[in-house]
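Note sheet for the following structure.
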Amino acid sequence: MALMRYAEALNAALREEMAADPSVFLFGEDIGRYGGVFKVTKGLMEEFGESRVRDTPISEQAMTAMAVTAAMTGTRPVLEIMYADFIPLSLDALVNQASIYNYIWDGKVKMPFVLRTQGGGGSGAGAQHSKALDSMLAHIPGIKVVAPSTPADAKGMLKAAIRDDQPVVFLEHKLLYNVRGEVPDGDIIVPLGKAATLREGKDVSLFATSKMVVEAVKAADLLQADGISAEVIDLRSLRPLDVNAIVTSISKTHHAVVVNEGWRFCGYAAELSATIMDFAFDELDAPVARVTLPDMPIPYSEPLEIAMLPNADKIRAAALATLK
Amino acid sequence: MALMRYAEALNAALREEMAADPSVFLFGEDIGRYGGVFKVTKGLMEEFGESRVRDTPISEQAMTAMAVTAAMTGTRPVLEIMYADFIPLSLDALVNQASIYNYIWDGKVKMPFVLRTQGGGGSGAGAQHSKALDSMLAHIPGIKVVAPSTPADAKGMLKAAIRDDQPVVFLEHKLLYNVRGEVPDGDIIVPLGKAATLREGKDVSLFATSKMVVEAVKAADLLQADGISAEVIDLRSLRPLDVNAIVTSISKTHHAVVVNEGWRFCGYAAELSATIMDFAFDELDAPVARVTLPDMPIPYSEPLEIAMLPNADKIRAAALATLK
Amino acid sequence: MKNTPSVEEHLEIYRKMLMVRHLEEGLGALHKEGRTRGPIHRCDGQEAVGIAATAVLEAGDKVTTTHRGHAVYIGKGMELRPVIAEIFGRETGACAGRAGHMLVADVEKGVIGGNAIVGAGIPAATGMALSMQVMGQPNVAMCVFGDGAAQTGICHEAMNMAALWKLPVVFVLEHNQFGLTVPSDVQSSVKDISIRAAGYGMPSEIVDGNDAVAVYRAVGAMAERARRGEGPGMIECKTYRLEGFSTSDMGGYQTKEEIAAWKARDPLKISRDALTADVDEAKLVEVEAKAKADVDEAFATALSDPMPQFAIDEACNPYSEAH
Amino acid sequence: MKNTPSVEEHLEIYRKMLMVRHLEEGLGALHKEGRTRGPIHRCDGQEAVGIAATAVLEAGDKVTTTHRGHAVYIGKGMELRPVIAEIFGRETGACAGRAGHMLVADVEKGVIGGNAIVGAGIPAATGMALSMQVMGQPNVAMCVFGDGAAQTGICHEAMNMAALWKLPVVFVLEHNQFGLTVPSDVQSSVKDISIRAAGYGMPSEIVDGNDAVAVYRAVGAMAERARRGEGPGMIECKTYRLEGFSTSDMGGYQTKEEIAAWKARDPLKISRDALTADVDEAKLVEVEAKAKADVDEAFATALSDPMPQFAIDEACNPYSEAH
Ligand SMILES: Cc1ncc(C[n+]2csc(CCOP(=O)(O)OP(=O)(O)O)c2C)c(N)n1
Ligand SMILES: Cc1ncc(C[n+]2csc(CCOP(=O)(O)OP(=O)(O)O)c2C)c(N)n1
Ligand SMILES: [Mg+2]
Ligand SMILES: [Mg+2]
């Protein structure tokens, strides 16, 4: 066990996988000499050289398309897209390329690439640098989408993602990079597709992703003071989704709050609500509550941005409302 | 009243709006000399000239971005994107540009542009030319997304869209263009954001969009033979959604099937299910059933593609299951 | 002359061009009979580009192509039957009927693959070249793309990166004078698109795309250069699409004179004329008969092959356990 | 010489450049005190580009800029206070605090606007030029963009369409030698990016971007040409970013020697030296004092302005009735 920042845990995962497998290489904007704007790739160009750690031009569209075919022809690229807001530029490569080939080429290709990016608000970065477009990504068949919330999961899931033969979009959060946590030593792998129960509870289930997990844990503390026992489930993997974990928890609590930092309408929280409708309708004593960003652009000014973001208070309020 | 094909109704709407307002202009691939691959813009270049009807290079990304700013500076562009599968190329302009300006510029800009496109399967066009990416579009704040299913609505809603001061994504369907229907004479306007009840019923509500409305109507016929009275609601507008129409219908039938031709996971049907969860949970006697494309790429071969598409039989089966 | 194909190589190119022509004409006939499904994009008149360009490649090299890729599929070594079976959605198709004619691939043969998102084949080849460079492989990637595709943003991004990193990729521009229905001058701000290569510090050359030998020489030299690690280059092949954009085409935008002028310069005729210097007529007739017979047989077999059966693709399941 | 700014015009350019420099330095100081929020991208050393390029524009012309647009905001006529108030998220900001420093706009002044999606300002200006052409207006659109932005696909698509349609747009490349932290030669396959203009059949010119008069002349001539309906053109302004990429920058990738060499060619110094020929020292000192005082006052006012209050934007409601 070692205490590490989330960014350091990611860096360790990249270093270990690159050392173990010469076909793993990294590319992205400012990830080499500078070590990445969030310092996740620090020191890797020095260690592995300029062929395996590449600074790129600002060309997200082609970079993503290149990751797809590089992955089909013998390498395991790890591409960094600086902000999740730029994901639209990667979407043709994801929706019209990465998504289709395994199936339409009759299972004859593997596509082991990882697209790392980071999203989310709270840092005053404005309408074009603060979004979580989780839903657009999780909508795409044939790719995985994961979003660890702790340093240990960041490391273990990034290693699993690099070894996965399907494309994996790996969602980080700008406000998680400096969060510290214990990370087990050695070659830890956290399988993709498994949720983690962070807090057991019996009255209401809080299902959250990425930084919203931190808020859900805080909300559980607040609810405890209200005399309510909340279960907190870190979904970790948006696609594939661990629906069994969801159903098991709801079968116990009969009340659910789903939390995601994306917009509400057609957002990832909508799928969680619909999934619960599909698989656990009869267990519900109240409608699933969605806690999300309101459906509007993210403003710059601090009081505006802060008022808009989902947080522990809003989760608590939603939980209380479902229990009324 | 005149009997018209859906494509002709759209053509009439464009012609009338261009004649009435010199700031309306069209651009897109092969829309001019050739009249559009689906013939929607036939004859318009001859009538309105090469400045107001422009054939473009294959440059969806810049074209969409140009529509946004042209609309902010005094014109009403109508952009044709040949296939909805190419929408990812337009998304940066929609998500990071069109979506934000009205709000972040404090309401000081209007953005009256229409992005027409067509999606959907059934014609053997393969994995990159058959999709409906409705959900990605409907997720975006500040834009409208509509999808008429009849020639009359095609005309009336396109005219409304061109006159709207917000960006409107106008979704057509390749298998609707040849559908004929009565279109009222004169300057008909069908307001955006209003659903239409096509069939009254009392046992189950079928909510559908675009070509799936045609399938839902067929399903209602099949269900009638089963002794079940199905209400068919053509949502017409995906965003803003006429939630009142949904709640009203469910309050009567207490059973709902939602139908959309996009993928299921994080798809538009998920939002419909979640919306019903939010607004009509207590009215539901059974979980909402989602009828969608399965979560996988669309294959080329006829038996594969046909097996995969949602249709009247699948809608009927889902309705029967909710009533069991 | 360096890079000139040997007589045997040229004859083989001629044979493959003939097969593709018969393939295209066969598809045209079947379309008329209502026996095709979805749009089919024929390359009649352009065969020299796809066939001669891929003729310079080695087995381990890789190629991407467009929605109009039949010549590339055959040129890079795919058999007729799996290609035709794929075009007709058969279980025996190269991709079991799932891909259709625009997206055919044969990973082992290095055809990876057709692409119906215009422009997408350009970064696709570039990404494979990146993979080759990272792994230190002695191969090259090739991209055959159209004059319409050259206007896409992704073309610019990929070419800049290819040049910047000296990736082993050859860009073969199949300039057939048209996008979908609009002529090139309605789409491109410049006539000779390869002048843009200078904007990436890449070499380029313009060749008669209907002359298989000219295509072979120029592309061969560029591929050798790329293989030596000297970076990418572009060959602009001037050619002409003799048929409509696709089987759904209603025509009317290509002039008769233009079509006639290009027909007079048919790549089959140009190659046959050149070959008569070294190959006797009997041999040519034999090759021609064989090409026709092979295509006929492949059509007959493929058309009687079975259709596939649908099954859900579990690899796409959005839930981590089956439900 | 044609297009040379008059002494008054140059003095006004100098005054605005000074204001922007004081603005940037003021922001730097406030950042050190922890009083800014989010990243701030300063343009110290590059003021001549944004100020002199926009000085050629008329009131009805429009300009788009980058995430580093302070000089363009001021150059196109915005007042200091709404710009500074916006940077500090105040209710009195040009966009009521919603936009932040990267996305400032003033639609009436024709600043439409900053953009933090690199490259997006290029089609944005092109789209406005399209609107002008469709409506037959005698105006031009201008796009100020970076050497990093020039590598984006959207740059290629927009320039091709601009040239094809002879749109009235001027592309002003602010080549400050760096993308975010990487030098231009790690991003661009060519040193002089404007050689790509030939690939669109557009004229181009390279100028000393630290010499306001040179920028004004070249951009002015290109804007006149565009206004005459002769189509777009590109001016490549060679300049240098004296400070880090943004306030979140940890530096270390720009050499001291390079910075010193460019500081010696500070645009303020170049303009002041040129102006001394025609303007007496007292006048210059007066202008300088006024610029400083104006910036100080704008900071003081803006910083005491109130913060905005949050409200849901009903225009974005996904339901057709309020709920
Ligand atoms: C991104 C994208 N935009 C539009 C289309 C529709 N489309 C298919 S082929 C084509 C023309 C392509 O022209 P070119 O690249 O010259 O190839 P050619 O058909 O001439 O072989 C168009 C516009 C598409 N498939 N993909
Ligand atoms: C599409 C996109 N990719 C990446 C970024 C992150 N980013 C912001 S500025 C920048 C560098 C821009 O370089 P340049 O265009 O030369 O402008 P400069 O900062 O030098 O003024 C990068 C990579 C972004 N904002 N948008
Ligand atoms: Mg072409
Ligand atoms: Mg720069």
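Note: hydrogens, waters and symmetry copies are ignored here, and every other heavy atom, side chains too, is used. Throughout, a chain's letter reflects where its sequence line sits, starting with A, and its residues are numbered from 1.
Looking at Lys39(A), the atoms closer than 4.5 Å to chain D (heavy atoms on both sides) all sit in the side chain, from C-beta outward. Contacts of Ile117(D) with chain A are made by both backbone and side-chain atoms, with heavy-atom separations under 4.5 Å. At a 4.5 Å heavy-atom cutoff, the contact between Ile87(D) and chain A is made by backbone atoms alone. Neither the backbone nor the side chain of Glu29(A) has a heavy atom closer than 4.5 Å to any heavy atom of chain D. Using a 4.5 Å cut-off between heavy atoms, Ser248(D) contacts chain A through its backbone alone, with no side-chain atom that close. When heavy atoms are compared at a cutoff of 4.5 Å, Ala116(D) approaches chain A by way of both its backbone and its side chain.
Classification of Glu215(A) and Lys211(A) as a salt-bridged pair holds, one side-chain N sitting under 4.0 Å from a carboxylate O. The pair Arg241(D)-Asp44(D) does not meet the salt-bridge criterion, since no charged nitrogen lies less than 4.0 angstrom from a carboxylate oxygen. Salt bridge present: Asp55(A) and Arg33(A) bring a charged side-chain N and a carboxylate O closer than 4.0 Å. Between Glu305(A) and Arg37(D), at least one side-chain nitrogen of the basic residue sits less than 4.0 Å from a carboxylate oxygen of the acidic one, meeting the salt-bridge criterion. In this structure, Lys238(D) pairs ionically with Glu236(D), as a charged nitrogen and a carboxylate oxygen lie closer than 4.0 Å.
Chain D forms the most heavy-atom pairs under 4.5 Å with one residue out of Arg264(A), His129(A), Gln61(A), and that residue is His129(A).
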Go through it in stages, so that I can follow the logic: the residues are Leu303(D) and Arg35(D), the test is side-chain contact (heavy atoms from CB on, under 4.5 Å), and I'd like the CA-CA distance, side-chain angles, deciding distance and then a yes or no.
CA-CA 10 Å; Leu303(D) 283 169; Arg35(D) 295 174 65 193; 3.9 Å; yes
